[in-house]
Amino acid sequence: MKTTVKVVSCILSAVLFLYLMVWDYPHYKNKLNSESITGAESLSDIEGGEAASDSVNQKGQMEGQIKELEAQIEELKKQQTAAGSRIYLYFDQVFESCYDQLYPLMKEMGYTGTMVLMDGQLPGDYLQMTETQCKEMLEDGWELAVGGSEDIDMTADFADVESEWRAYLENYLAEIKMRLNIVPTIYCFNEGEYREEYDEILKEYGFKTIRYFGDEVLQGKQNGLNRIRAYRVVQNTDIDNAVNELSTYSVTALCTRRVAEEIQPDSDNMEIGKYRELLDSIEETDGMYIAGNSEAQ
């Protein structure tokens, strides 16, 4: 499917080139010639209406071909989007390396991702990127999500955590709004945390999408919330196995805690070179593609 889209795109480029050669350039050249002819109101006055009519017909035919090819490309893109496995890129915590190292790589490859604030941490805190850096990434198309706190046991009885979790969300969202002038609408659960009884509280605080670790059966929109299954990668992740598993799901949030140049072999993070290799492998696999905005699913 990706190859077909590229082929049609190449054909469109060729038609556009011919359009410029056959119509635009002669039109521009004739305009210059016509300006040098004294007393002639236009080139058609000299060459006759027949030549001008042929040129207009050529232009009309080429414009029709271009529109037809553009429509075919859009249809192929829609088919690819509908049938493919969508991969959204999530990064837990906004370390300085996220801006210094990961952001340039993603920009080079043409991707955006989702930064996840958790444990009450905020841009400008120790080891975190600055508010200015975070705002730059948001303006460049990145998303911002919120995660939980290590101090709140989300696996405990709902009645035992509800009031504490509510207070955490209310204070955290207010602080994010004050610093970044944004209210995140994506909430990220860690492994083993998510339960459907949390849905109503999330909607109450304006969340529209949740990231969770669990079964595919929860995928899609339920209880008024979009659900994206999460898949975490670390330094010792086998790329081939990861790509094969990711290809079996329709929508996945590919999660990593931190991406940097040097990472220990047993780290929960991932070296930037290996992360690039993983993204390349995903894009080279038929039926899989890296999407941008997880709120647009």
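Predicted, not measured: the structure shown is a model, and the values here were computed from it. Count residues from 1 along the sequence.
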Is the side chain of [X] donor-acceptor paired with the backbone N or O of [Y] at a distance under 3.5 Å, no angle test?
{"X": "Glu150", "Y": "Asp119", "answer": "no"}
{"X": "Lys274", "Y": "Thr237", "answer": "yes"}
{"X": "Asp92", "Y": "Val116", "answer": "no"}
{"X": "Arg179", "Y": "Pro123", "answer": "yes"}
{"X": "Tyr168", "Y": "Gly148", "answer": "yes"}

Distance-minimising heavy-atom pair for [X] and [Y]:
{"X": "Ile186", "Y": "Tyr90", "result": "CG2-OH, 3.6 Å"}
{"X": "Thr256", "Y": "Val233", "result": "OG1-O, 3.5 Å"}
{"X": "Ile176", "Y": "Pro184", "result": "CG2-CD, 3.9 Å"}
{"X": "Ala253", "Y": "Ile228", "result": "N-CG2, 3.4 Å"}
{"X": "Val243", "Y": "Ser281", "result": "CG2-CB, 3.9 Å"}

Inset, instruction - Decide yes or no on side chain to side chain donor-acceptor pair (under 3.5 Å) for Tyr99 and Glu136, but give the supporting numbers first. - result: CA-CA 10 Å; Tyr99 179 84; Glu136 179 185 340; 2.7 Å; yes
Are [Y] and [X] connected in a single hydrophobic cluster, I mean Ile/Leu/Val/Met/Phe/Trp/Tyr linked by side-chain heavy atoms less than 4.5 Å apart?
{"X": "Phe213", "Y": "Val234", "result": "no"}
{"X": "Ile210", "Y": "Val183", "result": "no"}
{"X": "Ile272", "Y": "Met270", "result": "yes"}
{"X": "Phe207", "Y": "Phe189", "result": "yes"}

Inset, instruction - Please indicate whether Glu204 has more than 12 foreign heavy atoms, meaning atoms of other residues, nucleotides or ligands, lying under 6.0 Å from its CD. - result: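 Count over threshold, so yes.
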Legend entry - Over 12 foreign heavy atoms within 6.0 Å of CD, Glu261: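 Not buried by this count: 12 neighbours or fewer within 6.0 Å.
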Does any non-hydrogen side-chain atom of [Y] lie less than 4.5 Å from one of [X]?
{"X": "Gln121", "Y": "Val94", "result": "no"}
{"X": "Arg227", "Y": "Glu196", "result": "yes"}
{"X": "Glu283", "Y": "Ile290", "result": "yes"}
{"X": "Gln128", "Y": "Phe95", "result": "yes"}
{"X": "Arg211", "Y": "Tyr187", "result": "no"}
{"X": "Gln101", "Y": "Tyr275", "result": "no"}
{"X": "Asn181", "Y": "Lys135", "result": "no"}
{"X": "Ile201", "Y": "Leu169", "result": "yes"}

Legend entry - Passing candidate, side-chain contact (heavy atoms from CB on, under 4.5 Å) with Leu89, options Ile282, Thr112, Leu279: Leu279
Inset, instruction - Could you point out which residue of Thr252, Thr209, Leu254, Val251 forms a side-chain contact (heavy atoms from CB on, under 4.5 Å) with Tyr88? - result: Val251
Inset, instruction - Give a yes-or-no answer on whether the side chains of Asp140 and Tyr103 include a donor-acceptor pair shorter than 3.5 Å. - result: yes
Inset, instruction - On the 0 to 90° scale, with breaks at 30° and 60°, tag the Tyr198-Phe158 ring pair as parallel, tilted or perpendicular. - result: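 It falls in the tilted class, 30° to 60°.
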Legend entry - Tyr172 ring center within less than 6.0 Å of Tyr205 ring center: no
